[in-house]
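Here's the structure we're looking at; comments come further down.
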Amino acid sequence: MLFRSPLPTSPKDVATQMSYAVQAALEAGRTELAISLPPGMRFGLFGEPGKQVIGTPGAEPSLAQAQRAEFERVFLCAEMFRGECTCVFQSAAAVKAAEREFAGKGLRPRIVPNVGKVAAKAAVGFGKKSSGGAAERSALQAKVVILSQPSSSDLKKLSKPEGGLVLIINPRKMPDSYEQVYLLEDNPHPDWEGGLLFRAFPDDWALGVAGASVAGFGGAPTVQGRSPSRPTLDAVEQGFATIKGDSNPFVRGVGAAAALRRRGTDGVTDLEGEVSDE
């Protein structure tokens with residue numbers, strides 16, 4: 001029987017589910033994995049996470065918030081491998097900041113600024129020998145590569161480590177060969193504001209709506225439908241239209257229909273979605 005993960009109601013839920021999903025994928029023999037989270041989702045690892053808003057139109061994070069969120073996403077994934085991995089950011093400045101933040105939490109993965117540095121070995125000074133421990137750790141770190149926000153070009157240039165694995169986080173375009181082991185996507189349809197798309201390996205994909213809890217009324221986000229594969233935009237459109245058109249007062253009572261609006265038709269959003277950080 002397939003286990004069905006509930007929609008997360010807090011960043012802590014997301015972190016826990018994400019770890020389980022990666023573990024399940026590895027046990028199933030997957031070696032090219034992808035994780036996708038809202039760009040501003042914070043976990044409180046490096047400073048106050050603030051208000052976690054999911055599914056709210058126009059709630060774009062600031063540059064600083066997005067960078068903190070990026071560090072936290074990568075840190076959580078590196079922590080799954082106890083720091084025995086190579087993390088790839090997109091700039092030297094991000095590398096220095098991440099090294100400082102990660103070290104403050106006692107985690108020291110290898111961190112590099114581009115995929116070209118992944119295979120590069122640390123140079124040993126002339127006449128010096130590296131210790132066996134350092135060489136062994138370097139070999140371990142080379143087996144697991146974690147890339148933050150890679151482009152298609154980055155992935156084409158990357159050489160997958162022999163006998164190892166690659167984990168990409170918030171790729172700019174999802175490659176076909178990768179398994180989407182964890183995804184939490186708000187506003188998953190361009191014509192609708194609100195709603196959630198969710199997947200935790202090996203579970204089905206779930207189309208959900210920010211329930212009353214997400215607006216602070218004590219309930220929980222609700223799953224409105226599931227699919228064994230990622231639903232097409234047409235399927236998401238049909239699902240949201242059905243939810244919005246449901247006149248059942250009990251459905252509206254939990255905020256399912258109220259949490260959605262078709263862009264340009266309903267005025268102000270009926271219900272904003274907030275994922276509690278408690």
Side-chain angles (χ1 to χ4, degrees), residues 5-18 21 34-44 49-63 65-66 68-70 72-73 76 149 169-174 180-200 203-217 219-227 230-244 254-266 268-278:
S5 302
L7 285 174
T9 59
S10 70
K12 182 179 179 180
D13 285 348
V14 172
T16 300
Q17 290 179 343
M18 194 164 63
I35 287 174
S36 299
L37 297 177
M41 180 126 206
R42 293 287 307 280
F43 295 87
K51 185 176 173 182
Q52 298 295 299
V53 179
I54 303 297
T56 302
E60 293 293 332
S62 68
L63 184 60
Q65 290 170 334
R68 289 287 182 178
E70 179 186 17
E72 291 184 344
R73 290 191 298 266
L76 287 171
Q149 304 180 69
I169 307 173
N170 283 23
R172 299 178 205 179
K173 182 179 180 181
M174 180 65 189
Q180 184 81 70
V181 294
Y182 196 84
L183 176 140
L184 179 62
E185 180 180 344
D186 53 354
N187 303 304
H189 195 287
D191 294 337
W192 287 87
E193 293 177 345
L196 302 168
L197 185 61
F198 173 70
R199 202 260 172 139
D203 198 3
D204 286 343
W205 293 72
L207 187 64
V209 174
S213 75
V214 185
F217 295 104
T222 57
V223 173
Q224 301 296 318
R226 293 185 184 270
S227 169
R230 179 173 183 136
T232 64
L233 283 180
D234 286 345
V236 174
E237 158 70 30
Q238 183 178 357
F240 284 165
T242 299
I243 296 166
K244 191 65 178 176
V254 297
L260 292 169
R261 76 161 182 163
R262 190 180 292 279
R263 294 185 188 275
T265 61
D266 294 343
V268 179
T269 304
D270 299 301
L271 185 66
E272 292 187 345
E274 174 188 321
V275 175
S276 170
D277 59 350
E278 299 180 355

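Only this structure's heavy atoms are used, side chains among them; waters, hydrogens and symmetry mates stay out.
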Point to revise | Reported CZ-to-CD distance for the pair Arg199 and Glu185, which is rounded to 0.5 angstrom | key: 14.0 Å
Check your understanding: Would a 4.5 Å heavy-atom cut-off, applied to side chains only, mark Thr242 and Gln224 as touching?
Key -> no
Point to revise | Side-chain touch Asp191/Phe240, heavy atoms, less than 4.5 angstrom | key: no
Review point. Do His189 and Arg263 touch side chain to side chain, with heavy atoms closer than 4.5 Å?
Key: no
Exercise for review: Report yes if some heavy atom in the side chain of Leu207 is under 4.5 Å from a heavy atom in the side chain of Ser227; otherwise report no.
Suggested key: no
Practice item. Find out whether Gln149 and Glu70 are in side-chain contact, i.e. whether some heavy atom of one side chain is under 4.5 Å from a heavy atom of the other. Key: yes
Exercise for review: Determine whether the side chains of Ser36 and Gln180 contain a donor N or O and an acceptor N or O closer than 3.5 Å.
Suggested key: yes
Check your understanding: Minimum heavy-atom separation for Leu7 to Gly208, with atom names?
Key -> CD1-CA, 4.1 Å
Exercise for review: May I have the step-by-step check of side-chain contact (heavy atoms from CB on, under 4.5 Å) for Leu37 and Met18, ending in yes or no?
Suggested key: CA-CA 10 Å; Leu37 297 177; Met18 194 164 63; 4.0 Å; yes
Check your understanding: Below 4.5 Å, heavy atoms only, C-beta onward: do Arg230 and Leu197 meet side chain to side chain?
Key -> yes
Review point. Do Pro11 and Arg42 come within less than 4.5 Å of each other through their side chains, counting heavy atoms only?
Key: no
Practice item. Could you list the residues that satisfy salt bridge (charged side-chain N to carboxylate O under 4.0 Å, His left out) with Arg172, not counting sequence neighbours? Key: none
Revision key, fill the gap. Closest non-hydrogen contact found for Ala21 with Tyr182 is CB-CD1, 4.3 Å
Practice item. Return the minimal non-hydrogen interatomic distance between Ala69 and Met41, and the atom names on each side. Key: CB-O, 3.3 Å
Study note, to complete from the structure: Sequence neighbours excluded, the answer for side chain to side chain donor-acceptor pair (under 3.5 Å) partners of Arg68 is Glu101
Check your understanding: Considering residues at least two apart in sequence or located in another chain, which fulfil the side chain to side chain donor-acceptor pair (under 3.5 Å) criterion with Asp13?
Key -> Thr9
Check your understanding: If every non-hydrogen atom of Pro171 is compared with every non-hydrogen atom of Ile35, which pair is closest and at what distance?
Key -> CD-O, 4.0 Å
Review point. What are the two closest heavy atoms between Val236 and Pro188, and how far apart are they?
Key: CG1-CG, 4.4 Å
Practice item. Please tell me if the side chains of Trp205 and Leu183 come closer than 4.5 Å, counting only heavy atoms from C-beta onward. Key: yes
Point to revise | Side chain Gln17, main chain Pro6, donor-acceptor under 3.5 Å | key: yes
